[in-house]
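Read the structure below first, then the notes.
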Amino acid sequence: MEVEPRRADAGGSDSGGAEITRLCRTLVPLAAAGKHAEAASAYRWVTRASTGAPRQYGDHALRLEFCALTGNEHTGFDLLSLLDGVGDHPGTDDRLEFFAAAALLTRRLTESGYGETRFVLDGPYDGLSVCLLHRRLRAAAFVEAEELDERDHTTYFTDYAERKMAAKPVAEFVPLLPSALPRVPILPPPDLSAEELVVRAEIHNHRCEAEEARACLAAIGTVPEGIAPRLAELRAIFFQGGDTEERLRRAAAGFRREGDETRFLLNQCWLGLWLVFDDQAETGVALTTVAAARLRAGTDDHAAVWGEHWLAHVLSGQGRTPEAYEALRRGAERAREAGDPLLLGTLLCLEASLRNGDGEDPVVTLELAQEATDAFIIGNVGEKAVEAVEQARIAYERAGSLDELDVFVEHLLATLPVGGPERLRGHLRQLRAVSLIGTGRFADAVDDAYASLGIAASRGKDTAEHWYVLVTALHGAARYDEVLDVAPRTIDLLAGLPDWAYRCRWMYADAYRALGESSRAFNEYSILAEILEEAGDTGHSYISVSMAAAEQLDLLGYGANAADFYARAADAALAIGGGYVAATCRNAATLSRLRSGDLDAALTALDAAETAVHAVETETAPARDHLVAQLDHVAAHVLSAVGRIREAARRALRAAETFHRIGEAESARDVDLLLEQILLGEQT
């Protein structure tokens, strides 16, 4: 290839880098001035422009600072992946800025209850909790500051770093995307006693609210002896590791010492489950079975129901499904007697999950999932309501009743009470967005997709699917600017889902194409072509992407490069029996060679096109006629350019006649115009 536009263009120009820096410096001031929409727009532009560019740690530090001071700490958390390599960056000033901004961000995360969240990154910081990462980053910032101070014999940089890391928010929340919501607080109320915090953690545990439970546990300082076993058990459950079994047994011993038989037996149920999944199945099953039986014989309804719940988990894991169903039936009956919607919904939802997994009658499964959903709505238990609706969705799909699923979703959305579980509302809007996309109603799906993402992200529950559905809706609705805002993060999240990742990369490239940004479009198309080729996927997707890349190169004036991409597409098409597509690509490659000004290469390409077109035999007569007329049209251009006027005119005349005959009037007019130019000597 003569040039590589993607690599030449990827880093952007110096003026583009200066514009990124200028806008980065406006982010916090705009937010502080209350110009939130402008600040969000600038942040999106900077993020888009920085994609694929060399790492400018000073600019990224400004983005981190903006996120930390505008309620977007969790968006900024993604930028911490840039820590891999910052230590090798040559600029001390930039290293100081980045470490200080990262320390500010991790401080804010720790203060909001996420200090125990683990940071995952291949490098020196991998596996650290956020609170420990904060201490490391703070120390690193002071190291850089002291180096600069020693050089200038001052304390200016140390003081500056201290101020930067202690900065206060300038805005409660700046929404970066439509329908974005502030993070739902997970910290417990202040001034609660250790016992009250343990009670809250137990409630969060039963409601599947793990982050909130961990925040309660992290807030406990001094541990009164009376709650030590309960606290030990909860910490074993929520901070699992190699010593989980030992900690559970210690908690059990504590319950025994205190004479708390009910808590001891519930502990044994959970310990049995842990042992089963730790390859100690026989011991685990026996432990849970005995404990659940003793709870069943007692008078504590709630404890008895949880015992049946854990027993069903253990039995189903061993393939003893009928016994698991019987345990769930007993538990559900007792939960109804107790009048506890959380307990009842939990048992019903687990049974629906097991029946879906075992391929049982979807009608029965639906009844269980729908009743569980109703129970969780009554109890306002959002996380579990989402799981129940998911079991209903799976059952509807197994039954082939997608229309009924749509009715179910619409009914729930219409009847969900004000103040009801927002997490469920967001999930229902996600399901409706997927349904609307499936019927081609992309514009109608956009609001639902944005809303579902916003609600999920506000609770840290957004997934790759949320982002992918939003990109798909925006692309289908031709809202290409917004595709560019959300596609890069979606692509990162889809790393383990190649089919979706390829589709998302294609939509990202196509958005640039639709906006007329041919250089960026080619960049993304060519990246996708390389990824597909490396994955050994040189079928239809690779062919389409290579052709799209070639079209953008033609628009950029790189005809020779475009011809190379068309040739690759032709070879790939021929390899899978796509002779017609291969011939079309050869025709296009010939015109690209001609546009490059290399007439000898154009003639060689024309010979390859002649061979490819005449080798096509499997298509219908109209399709073959179109292909031959296309070839004649291309040949007329090339032959005229090399001065073979009579041949050019003959091929143009034949192309025009064929296009007229098969009813392609517009193509016929184009060839008629070319023929006129050839005959008048005006063709260039």
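Worth knowing before you read on, the calculation uses all heavy atoms, side chains too, and leaves out hydrogens, waters and symmetry mates.
Counting only heavy atoms from C-beta outward, the side chains of Asp447 and Arg429 approach each other to under 4.5 Å. By the 4.5 Å heavy-atom criterion applied to side chains, Leu64 and His60 are not counted as neighbours. Between Ser179 and Leu453 there is no side-chain heavy-atom pair separated by less than 4.5 Å. Side-chain atoms of Val628 and Thr658, non-hydrogen and from C-beta on, never get closer than 4.5 Å to each other. Between Thr21 and Gln56, every side-chain heavy-atom pair lies at or beyond the 4.5 Å cut-off.
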Arg586 vs Val613, test: side-chain contact (heavy atoms from CB on, under 4.5 Å). Steps then yes/no.
CA-CA 8 Å; Arg586 291 295 178 188; Val613 169; over 6 Å; no
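Between the side chains of Thr472 and His475, no donor N or O sits under 3.5 Å from an acceptor N or O. Side-chain contact check for Asp672 and His660: at least one donor-acceptor pair (N or O, by modelled atom type) lies under 3.5 Å. Side-chain contact, Glu517 with Tyr480: no donor N or O sits under 3.5 Å from an acceptor N or O.
In this structure, the separation between OG1 on Thr47 and CZ on Arg44 is 9.5 Å, given to the nearest 0.5 Å. Atom-to-atom distance recorded for Thr604:OG1 and Asp598:CG is 8.0 Å, nearest 0.5 angstrom.
With Arg432 as the partner, the side-chain hydrogen bond (donor to acceptor under 3.5 Å, both in side chains) test is satisfied by one option alone out of Asp444, Asp448, Asp406: Asp448.
Between Tyr43 and Phe66, the ring planes lie parallel to each other; the angle is under 30°, not in the 30° to 60° tilted range.
Using a 4.0 Å cut-off between charged side-chain N and carboxylate O, Arg593 and Asp564 make a salt bridge.
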Contacts table for residues 486-501: side-chain donor-acceptor under 3.5 angstrom, sequence neighbours left out:
residue: Arg489; atom: NH1; partner: Asp78; partner atom: OD2; Å: 2.5
residue: Thr490; atom: OG1; partner: Val486; partner atom: O; Å: 2.7

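A cation-pi geometry, defined here as NZ or CZ lying under 6.0 Å from the six-membered ring centre and within 45° of its normal, does not hold between Arg95 and Tyr57.
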